[in-house]
Amino acid sequence: EHCGYEDNWPTCDHNGLWINANNAILESCVLRHNFMGLVAYYCSNLSMRGCVLENNSEEGLYACHCSYLALANCTFRDNGHCGLMAAYCSYISLSNCSLRSNDQDGFYAWVCSYISLSNCSTGSNSYYGFDAAHCYNMTVTNCSFSDNGQMGLYAYNCSAATFSLCTFQG
């Protein structure tokens with residue numbers, strides 16, 4: 001709780017925090033000025049509440065082969081690539097999160113399943129607010145997408161997707 005991981009670039013492996021364990025909980029943490037703020041690799045039951053991932057050279061959070069990611073009240077901003085990138089993950093839940101001003105996407109999901117976004121906002125990302133490719137079973141509810149460079153929401157080759165009560169501007 002109340003952790004910080006900053007300025008770990010270009011030392012060591014260039015990443016901020018690396019998690020390869022189950023049942024990790026991060027609360028009110030700040031991960032900034034790293035190559036990647038947080039790398040979660042082959043983990044399960046990662047919970048993040050009230051964390052800020054900002055000004056990292058690449059992703060704020062990169063999750064690969066993870067399941068049951070619960071992110072609430074987190075901010076992903078001003079990262080060099082994506083605020084959040086998930087690949088081959090399942091059961092991803094974002095609630096009340098802000099994904100803004102990232103150099104590419106706010107949230108990019110690649111070959112993921114059971115994704116839920118509720119009450120989240122994206123804006124001023126250079127490409128997309130939420131970009132999903134080859135994903136299955138997505139629910140996006142009461143989210144706002146504003147002034148993203150190409151599109152607020154882009155779903156490519158996805159199935160079983162539900163979008164409701166969302167707003168799009170710009």
Side-chain angles (χ1 to χ4, degrees), residues 2-20 24-43 46-66 69-89 92-112 115-133 135 138 140 143-156 169-170:
H2 302 287
C3 63
Y5 208 90
E6 302 181 67
D7 301 312
N8 187 38
W9 192 88
T11 61
C12 300
D13 60 3
H14 303 282
N15 293 312
L17 190 58
W18 179 282
I19 295 177
N20 181 232
I25 299 171
L26 299 175
E27 289 189 23
S28 304
C29 294
V30 176
L31 301 151
R32 74 166 63 106
H33 301 290
N34 300 293
F35 185 69
M36 292 183 188
L38 170 63
V39 175
Y41 191 68
Y42 282 100
C43 68
L46 171 62
S47 176
M48 296 177 67
R49 292 184 289 269
C51 295
V52 176
L53 297 94
E54 65 183 359
N55 294 307
N56 295 291
S57 297
E58 290 292 319
E59 283 78 27
L61 167 58
Y62 174 70
C64 186
H65 294 283
C66 294
L69 304 175
L71 313 175
N73 302 305
C74 292
T75 300
F76 300 85
R77 69 174 166 241
D78 298 313
N79 293 291
H81 192 243
C82 299
L84 165 60
M85 180 176 182
Y88 306 101
C89 295
I92 304 166
S93 171
L94 277 77
S95 63
N96 300 304
C97 291
S98 173
L99 302 109
R100 308 191 74 71
S101 301
N102 296 289
D103 282 352
Q104 290 191 11
D105 300 331
F107 176 17
Y108 176 58
W110 170 261
V111 192
C112 294
I115 301 169
S116 172
L117 277 75
S118 64
N119 302 308
C120 293
S121 65
T122 74
S124 302
N125 296 292
S126 296
Y127 291 2
Y128 306 107
F130 175 38
D131 180 0
C135 294
M138 299 184 303
V140 180
C143 293
S144 65
F145 302 88
S146 62
D147 300 316
N148 293 288
Q150 293 188 18
M151 284 182 234
L153 174 65
Y154 181 68
Y156 173 77
Q169 291 182 313

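We count residues from 1, following the sequence as given.
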Are any non-hydrogen side-chain atoms of [X] and [Y] less than 4.5 angstrom apart?
X	Y	result
L26	L17	yes
L38	L53	yes
L99	L94	yes
N73	R49	no
N119	S95	no
R100	S121	yes

Any side-chain donor paired with an acceptor under 3.5 Å for [X] and [Y]?
X	Y	answer
W18	Y41	no
D105	N125	no
Q150	Y127	no
S124	N148	no

Heavy atoms only: give me the nearest [X]-[Y] pair and the separation to one decimal.
X	Y	value
C112	Y88	SG-N, 3.9 Å
C135	A109	SG-O, 3.6 Å
V140	F130	CG2-CE2, 4.0 Å
R77	V52	NH2-CG1, 4.0 Å
M138	A155	CE-CB, 4.2 Å
C66	L69	CB-CD2, 3.9 Å

Does the N79 side chain pair with the main chain of N56, one donor and one acceptor, at a distance under 3.5 Å?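 Yes, the answer is positive, given that a donor and an acceptor are paired below the 3.5 Å cut-off.
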Result of checking I115, L71, D131 against F107 for side chain to side chain contact (heavy atoms under 4.5 Å, CB included): I115
Gap between atom [atom2] of [Y] and atom [atom1] of [X] - 0.5 Å precision:
X	Y	atom1	atom2	result
N102	E54	CG	CD	10.5 Å
Y62	H81	OH	NE2	10.5 Å
E59	F76	CD	CZ	11.5 Å

